[in-house]
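Since the structure comes first, as structure tokens, the remarks are kept for the end.
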Number of protein chains: 2
Amino acid sequence: MTTLSPSGPVAGQRKVRRATMNDVARLAGVSIKTVSRVVNDEPGVHPSTAERVLAAIDQLGFRRNLSARNLRRGSSTGTIGLVLEDVGNPFYSGVTRAVEEIARLRGRQVISGSSDEDPGRERELALEFCSRRVDGLLIVPAGLQHSYLVPEMRAGTPVVFLDRPAGDVVADTVLVDNIGGTVEAVTHLAAHGHRRIAFLGDAPDIFTANERLRGYREGCVRAGIGYHEELVAMGPHDESSVATTLQRLQSMREPATAIVAGNNRITVYILRALAGVAERPALVGFDDFELADLLSPPVTVIAHDASALGKAATDLLFARLDGDNSPPRRVVLPVRLVPRGSGEVHA
Amino acid sequence: MTTLSPSGPVAGQRKVRRATMNDVARLAGVSIKTVSRVVNDEPGVHPSTAERVLAAIDQLGFRRNLSARNLRRGSSTGTIGLVLEDVGNPFYSGVTRAVEEIARLRGRQVISGSSDEDPGRERELALEFCSRRVDGLLIVPAGLQHSYLVPEMRAGTPVVFLDRPAGDVVADTVLVDNIGGTVEAVTHLAAHGHRRIAFLGDAPDIFTANERLRGYREGCVRAGIGYHEELVAMGPHDESSVATTLQRLQSMREPATAIVAGNNRITVYILRALAGVAERPALVGFDDFELADLLSPPVTVIAHDASALGKAATDLLFARLDGDNSPPRRVVLPVRLVPRGSGEVHA
DNA sequence: CCGCTGGGGGACAACGTTGTCATAGTGGCC
DNA sequence: GGCCACTATGACAACGTTGTCCCCCAGCGG
């Protein structure tokens, strides 16, 4: 092995055992404990000794092994686990960002994974994180069974569910006002004269989809326009299923004149299906999205803040880590209707 | 401590020491090594013994401590570290998703963090990940100095840089064809008759921003329209700086009739600034984005695939982990111009 | 009846770190 | 000059797991 200038190339050279505190100690001519003291900024080390140790650390490229440290100290591993549906979805990447932000302030790293709406995968990820002894767990539930987490929670790992509640476990939960949101959407559309309002939602076994459907229903009733089964199409949806649904809705004897979209993906599918269509139904989408205001017509949405959701959940988690022992809380974040045009089209 | 039904609430109850293999061994009446064998599916355990052990594991809610395991085994920790600019940016969340996907296939967890374009933060994150003994590191460089990674690379941690090259270290790198992209953008605009083409780019110390500027310049020269300093505005940009720049560009003696936007954020700022303006310049944006095709006019872009970038980098990383010792590679992914309308406006 | 084989299982050390406790030296004070 | 307080340092065990090596015992062939 030749000397390596900082600017020199480095590539192969595997199997070079990493320096440990022992190596540093030997090189600096001190005991391993003294190295530990220096590394951890503990007091009681003579400045000249510390200097020698630091030089050795530098020379050997020593970096302390956190696995060993965590094992020995037993307390915090400095990590929190985040299980969500899909980091690729802008909504969840916003959540991730917020979580990361707060974790950083509290000196924690975030380990995350996407469940893709698969309960098995969610469980696998969560338990894997527990094996890594994360300090806490943030979960966007994919399924309805979470009793697998009971042993972990008993062992002291706080868990906060976000966006959807857990199935069979009572724990901190942060939700958004799904029902209120779709009630408002329907009310808004009805106020603009619509009486045939359709709802396109995600798979009904998804909590948020179901809640939003309930809100839609309630909104219809409150608005006095009644609830009509044939105006509802629950998912799972993809671009083509949405397109077919729209055709069906518009070719009815009494066509739908307005649509409420159950989430950001469905909204986009609808927009795509309607592109170029002259006679467009009014539209209100659940979830805000970038550029909604720049489309024509601009898209009216039920907005809620991904980063507020992430922040609320993470704050709750850290409160638990700080020793908060109060009974589990359920936080419901408000949503607000942002009128932009697409929902203000007259019937 | 009372028994706890699966559906029962769980919240406080901290400080319940986690069960270890020792506890399991005692309960099952076997040695700790036998527990280890069962947990690791090692052969040579009598079925009936294994059953007893599994029952004990279940009863105690045992979950093996990966810190201890990793320490003892010394080899892989089953994690890879990902340092990027901002998970909140859809481009990077696409990268993250792709990385996660492949890591999953190879049985790895992803630990990620956002540097926010701060070299210090990048370094902090990368070194923290090294302390956790990640199996490999994927980095979107924020700065130009990466010699801090030399000891880590020597110690056998493979590093792949993506989207931008490292400053002073030779390592695997995956880039996109930035120069080719802006050359093509300018060529495209010039072909549509534009002779006053502006370029709005990110801060020039960012590699991609600088490359794209070079491509813009080269494109101008090739198109025979010359390079004009006053048509270039490098960042950092925000919504208002972009708006002011646009005003300046349009109030010149010979106004710009077309714009090349240096990245997805700038493109959006431009769109926002142009909203409602009657006389719009032609526009080509670097980076594709969702809904670009649904705007009016639809936005012509230089598209490149975030997930292809993430995949290429992760594949490279795993090749190293599989023992590939060849010299560092530099992969340049192609970009392609997607004409949609905004770039085809006549001068 | 003896030795051999192989399956099932255990004792023990080691991974790299940190907490506890002990100890050597140094200077000050009565 | 003896004792104390204090600083600087080290020896050692322990964290929870796994790799190595060893042992016991049943079964079997000679």
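This structure is a prediction, so every number in the text was calculated from the model and none was measured. All chains are named by letter (A, B, ...) in the order of the sequence lines, taking the proteins before the strands, and each is independently numbered beginning at 1.
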Flag the pair [X] and [Y] as a salt bridge only when some basic side-chain nitrogen lies within less than 4.0 angstrom of an acidic carboxylate oxygen.
{"X": "B:Arg104", "Y": "B:Glu100", "result": "no"}
{"X": "A:Arg320", "Y": "A:Asp172", "result": "yes"}
{"X": "B:Glu152", "Y": "B:Arg123", "result": "no"}
{"X": "A:Asp324", "Y": "A:Arg329", "result": "yes"}

Atom-pair distance ([atom1] on [X]; [atom2] on [N]), nearest Å:
{"X": "A:Arg26", "N": "C:dG16", "atom1": "CZ", "atom2": "P", "answer": "11 Å"}
{"X": "A:Asn22", "N": "D:dA11", "atom1": "CG", "atom2": "P", "answer": "11 Å"}
{"X": "A:His46", "N": "C:dG25", "atom1": "NE2", "atom2": "P", "answer": "16 Å"}
{"X": "B:Ile32", "N": "D:dT17", "atom1": "CD1", "atom2": "P", "answer": "7 Å"}
{"X": "B:Arg73", "N": "C:dA13", "atom1": "CZ", "atom2": "P", "answer": "22 Å"}
{"X": "B:Arg69", "N": "D:dG16", "atom1": "CZ", "atom2": "C1'", "answer": "12 Å"}
{"X": "B:Arg72", "N": "C:dT17", "atom1": "CZ", "atom2": "C1'", "answer": "15 Å"}
{"X": "B:Leu71", "N": "D:dT17", "atom1": "CG", "atom2": "P", "answer": "12 Å"}

Considering every strand and a 4.0 Å limit on heavy-atom distances, what is the contact class for [X]: base, sugar-phosphate, or nothing?
{"X": "A:Val39", "value": "nothing"}
{"X": "A:Gly74", "value": "nothing"}
{"X": "A:Ser36", "value": "base"}

(request) Would you indicate, yes or no, if C:dG16 has its OP1 or OP2 atom less than 4.0 angstrom from a side-chain nitrogen or oxygen of A:Thr20? (result) no
(request) Tell me yes or no: between the side chains of A:Thr77 and A:Asn70, is some donor less than 3.5 Å from an acceptor? (result)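 Distance-only check fails for A:Thr77 and A:Asn70.
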(message) Both B:Arg133 and B:Pro47 contact DNA chain C. Taking the nearest nucleotide for each, which residue is further toward the 5' end?
(response)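 In this pair, the answer is B:Pro47.
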(message) Please compare B:Thr34 and A:Met21 by the position of their nearest nucleotide in DNA chain C and report the one closer to 5'.
(response)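 With B:Thr34 and A:Met21 compared, the 5'-side residue is B:Thr34.
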(request) Using a 4.5 Å cut-off on heavy atoms from C-beta on, say whether the side chain of A:Ile80 contacts that of A:Val99. (result)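 A side-chain contact exists here, since the closest heavy-atom pair is under 4.5 Å.
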(request) Taking only the side-chain heavy atoms of A:Arg37 (C-beta and beyond), determine which of D:dC15, D:dG10, D:dT18 contains the nearest atom. (result)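 Looking only at side-chain atoms, A:Arg37 lies closest to D:dG10.
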(message) Looking only at the side chain of B:Glu42 (C-beta and beyond, no hydrogens), which of the listed nucleotides D:dT17, C:dT17, D:dG19 gets closest?
(response) D:dG19
(request) Please give the angle, rounded to 10 degrees, between the axes at the start and the end of the helix from C:dC1-D:dG30 to C:dC30-D:dG1, where five pairs define each axis. (result) 70°
(message) So which atom in A:Gly136 and which in A:Thr157 form the shortest heavy-atom distance, rounded to 0.1 Å?
(response)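 Here A:Gly136 and A:Thr157 meet closest at CA-CG2, 4.0 Å.
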(message) Here's a test of your reading of the structure: between B:Ser67 and B:Lys33, which maps to the more 5' nucleotide of DNA chain D?
(response) B:Ser67
